[in-house]
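Down below is the structure, laid out as structure tokens.
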Amino acid sequence: MRMMLLFKLSNNLRHVGHLDLMRTMQRAFRRSGLPMTYSQGFNPHMIMSFAAPLSVGMWGDREAMEVSLLQPVTPAEFLGKLNAALPDGLEGVSAREMKDDEKSLMAQVKAAAYEGTLLNDGIGNKVAESIPSYLAQETIITQRKSKKGIKSVDIKPMIFALKAEEKNGKKILSAVLSLTEKATCKPSMLVNSLGDFIKTNIDLNDVHWCRKGLFKEDGEGNMLPLEF
Amino acid sequence: MLKDKIDQILDRVEKPARYAGGEMNSTLKPWDDTALRFAFCFPDTYEIAMSHLGMKILYHIINNQPWALCERVILPWVDMIDEMNKENIPLFSLESRHALHEFDVIGFTLQYEMSYTNILEMLSLGKIPLFSHQRKENDPIVVAGGPCAFTPEPLADFIDAFMIGDGEEVIVTVMEAIKKGREEGLTRREISKALAQIEGVYVPCFYEVSYHEDGTIKAFVPTEEDIPSKVKKALVVDLKNEEYPDKIPVPYTEIIHDRIMLEIMRGCTKGCRFCQAGMLYRPIRERSIEELIELADNLEKSTGYEEISLSSLSSGDYSCINELTKALMKIFEEKRVALSLPSLRIDSNIQDSLTETQKVRKSGLTFAPEAGSQRLRDVINKGVTEDDLMKRVTEAFEGGWSTIKLYFMIGLPTETIDDLDGIGDLAQKVVNQYYQLPKEQRAKGLRVTCSASSFVPKAFTPFQWDRQDTLEEIQGKQQYLRSKLKIRGVTFNWHESYVSLLEACFARGDRRMGKVLYKAWTLGCRFDGWDEHFKYDAWMKAFNEEGLEPSFYANRERAKDEILSWDFIDAGVTKAFLWRERERSLEEKVTPDCRLGCINCGIQRWKGACKNAHDATV
């Protein structure tokens with residue numbers, strides 16, 4: 001059976017990269033005693049896939065992955081056994097069975113919600129004030145790095161929501177950004193673009209990002225949490 | 001707060017996850033409630049530290065004591081060191097991020113000589129006075145153990161107490177003594193005195209060295225009456241399961257050896273004359289099959305690792321290796337855990353095990369003939385024959401491997417050009433063997449790598465009196481081999497001779513090498529084991545400024561009656577035995593495996609230590 005898992009990666013583990021996270025989850029599943037499915041062939045590996053990789057430095061409240069089990073297991077038992085085997089900083093939040101014909105999580109993801117804490121107060125205030133006029137632009141052109149080089153891209157249609165708030169004395173950005181194969185706006189691109197707009201260099205290390213959740217679309221173009 | 005400061009700079013460095021801590025099975029005990037806090041310091045990067053079995057064993061043993069805690073402190077990489085210096089962040093532990101100087105005891109593991117400048121770097125980053133005599137009453141006590149503790153003199157100025165030999169039991173005794181001393185309000189010196197009474201412990205401040213005009217040692221004597229003139233190594237007679245970890249920290253990032261290591265036995269009976277480990281870890285002690293299966297099972301359950309490696313100096317010599325591998329494969333095949341057997345001697349009878357374990361073909365097979373000719377192999381007592389090698393190589397090629405690594409040493413005692421030619425001949429024979437197989441039977445793409453390291457004479461071996469070849473001699477031999485090994489399918493690798501020279505100086509150095517070490521560190525030397533950081537010129541400058549010559553330590557043959565800087569340690573094997581073996585080597589006489597008959601190495605003086613010994617005289 002296919003099981004979707006939503007898990008939390010806490011900020012003490014935010015520097016663990018995606019490949020390292022995959023290996024960590026594999027070992028946790030091995031410890032859990034759950035009946036995992038392995039691929040055939042010469043070098044069998046555990047069958048698992050992630051909805052979207054988390055960049056190094058970012059932590060996540062509701063990350064998503066899918067595994068394959070040899071025998072049916074209830075979501076409650078699945079979560080219980082997995083959580084007993086996970087290290088501090090990783091926690092299974094919820095699980096549900098996926099239908100056989102359901103698309104892969106990666107194909108379902110359309111957007112993600114992020115929360116960025118601006119550590120530099122001066123810049124935080126400037127950015128917060130600029131949001132309304134930033135969003136009022138017709139197009140928002142910024143650079144996107146790809147394997148082929150640097151491309152200019154209009155990120156305005158990829159910003160589904162953006163606002164500035166205050167939490168614990170720091171300015172935070174809440175954003176919902178497009179996350180698909182063809183159109184992805186990374187939080188770092190948003191920060192660079194804001195920096196260009198307010199004509200101030202923003203050090204990317206001065207913004208700490210948490211991915212709050214992943215979204216898919218229903219038949220009518222509405223955003224739904226991925227787990228629904 | 002230190003934790004927050006550290007977290008902020010992690011964004012600016014390479015591979016930040018290696019400073020994060022919090023790995024599965026890492027142990028965090030309450031700081032305030034614990035009487036004795038021990039910082040296990042590994043003087044190199046995380047990737048290397050986490051591949052080291054000794055740290056896992058001692059971490060487990062110390063944390064098992066209800067009155068003690070052990071946390072890991074690892075040397076950060078250069079970019080992290082720079083950031084820490086900029087932000088004034090002291091060296092910290094992985095588990096609780098306490099600063100190094102907050103611990104009661106700091107222990108370094110001495111794995112290889114080229115890590116010594118890293119020890120000074122760690123003390124400096126930890127804000128601890130580098131020199132023993134500079135440390136104040138409330139500074140941590142600095143101890144050290146590991147194989148290089150058998151030649152402690154180059155570090156004598158920096159380490160308060162060395163633990164020599166098996167660490168499992170002596171480390172607890174040492175910590176108990178320190179705890180008791182602290183509770184009773186003893187001074188640092190009084191505590192050191194108490195440590196010096198413990199078997200296996202060497203406290204340098206209670207010994208004085210004097211030198212002859214020619215630089216050799218005149219005398220090495222205790223400065224007080226109740227200090228032993230000879231330090232006997234610590235020996236664990238029976239390896240016990242309680243002293244082996246049943247869970248080990250599982251790193252997040254990639255490390256060098258990312259798997260469960262199961263120590264199946266300690267010690268070796270082959271008696272290869274160049275091999276220090278084979279001499280130091282006598283007598284041979286095996287763990288039982290039942291115990292190993294229990295350990296393996298527990299470790300696999302607690303870690304989820306995909307691979308177990310059977311670790312020892314020569315796994316093929318474990319008395320029931322085929323039974324053991326069969327039993328382990330039975331449990332682990334279903335769990336999809338791969339079993340690997342590194343360090344197999346070419347003359348081992350492990351064919352069954354090999355088929356069982358190498359079901360997934362890895363990158364290649366490695367064999368260590370060490371010398372190119374049978375004559376030289378007999379001199380070094382590495383009794384493998386060309387026949388053995390060709391048999392193994394043929395099995396490998398027939399089994400589908402096409403990548404073979406051959407390890408050799410150059411600069412061995414009595415070496416002539418015929419021996420170097422022998423290396424070329426062996427490589428050629430291996431290549432020929434491959435092409436003799438029909439194309440359908442062999443895997444594509446033959447790759448034979450011949451690796452030649454430069455011989456470093458080691459203490460407590462029959463070659464401890466020998467000279468190392470000079471740089472010119474070694475480089476000449478490397479050049480010669482380069483031309484001889486221009487064979488299709490063969491790659492030749494060689495070790496940087498400059499590093500081998502430094503290794504040789506520390507491997508048989510005396511206390512004065514400590515001055516060179518300190519000077520080199522002040523000149524910026526650290527990470528000497530890393531190509532890109534090794535500063536040969538700075539080292540030579542350090543020797544120069546201290547008025548010492550590397551050739552005195554590395555390229556000088558010792559006289560039979562010379563006092564060697566490690567003579568005060570009783571490692572089990574006697575000097576008489578070593579000299580006897582040296583004479584046999586010059587006569588090209590082979591000494592057989594001592595399981596076949598006791599050869600009076602000296603261990604048998606300790607009643608009950610060696611199960612194979614008979615009452616022979618030394």
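A note on names: the letters A, B, ... follow the listed sequences, proteins ahead of strands, and every chain is numbered from 1.
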With a cut-off of 6.0 Å (strictly less than), are more than 12 heavy atoms of other residues, nucleotides or ligands near NZ of B:Lys330? no
What part of B:Val250 is in contact with chain A, defined as an atom under 4.5 angstrom from a non-hydrogen atom: side chain, backbone, both or neither? side chain
Work out which heavy atom in B:Pro16 is nearest to a heavy atom in A:Val56; give both atom names and the distance. CG-CG1, 4.4 Å
Contact residues of residues 193-211 of chain A (partner chain B; heavy-atom separation under 4.5 angstrom): A:Asn205, A:His208
B:Tyr19, part contacting chain A, at a heavy-atom distance under 4.5 Å: neither
Only heavy atoms, only distances under 4.5 angstrom. Which residues in residues 17-30 of chain A are near chain B? A:Asp20, A:Arg23, A:Thr24, A:Arg27, A:Arg30
For B:Lys15, what residues pass the salt bridge (charged side-chain N to carboxylate O under 4.0 Å, His left out) criterion, not counting sequence neighbours? B:Glu47
Please check if the number of heavy atoms outside B:Lys56 that lie under 6.0 Å from its NZ is greater than 12. yes
A side-chain contact here means heavy atoms from C-beta on lying under 4.5 Å apart; do A:Arg31 and B:Ser302 qualify? no
Check step by step if side-chain contact (heavy atoms from CB on, under 4.5 Å) holds for A:Asn12 and B:Lys3. CA-CA 10 Å; A:Asn12 65 308; B:Lys3 276 194 189 155; over 6 Å; no
Counting only heavy atoms not in B:Glu254 (residues, nucleotides, ligands), do more than 12 fall under 6.0 Å from its CD? no
Using heavy-atom distances under 4.5 Å, tell me whether B:Glu306 contacts chain A through its side chain, its backbone, both, or neither. both
Using 0.5 Å steps for rounding, measure from the CG atom of B:Asp7 to the NE2 atom of A:His15. 6.0 Å
Heavy atom to heavy atom, less than 4.5 Å: which residues from residues 21-30 of chain B reach chain A? B:Gly22, B:Met24
Give a yes or no on this: more than 12 heavy atoms of other residues, nucleotides or ligands lie within 6.0 Å of atom CD of B:Gln441. yes
Got a sec: does the CG of A:Asp88 have more than 12 other heavy atoms crowding it under 6.0 Å? no
Interchain contact, A:Leu90 with chain B, by part (heavy-atom threshold 4.5 Å): neither
Would you mind checking which part of B:Arg18 comes under 4.5 Å of any heavy atom in chain A, side chain (CB onward), backbone (N, CA, C, O), both or neither? neither
Quick check for you: among B:Lys301, B:Arg12, B:Arg336, which has the greatest number of heavy-atom pairs under 4.5 Å with chain A? B:Arg336
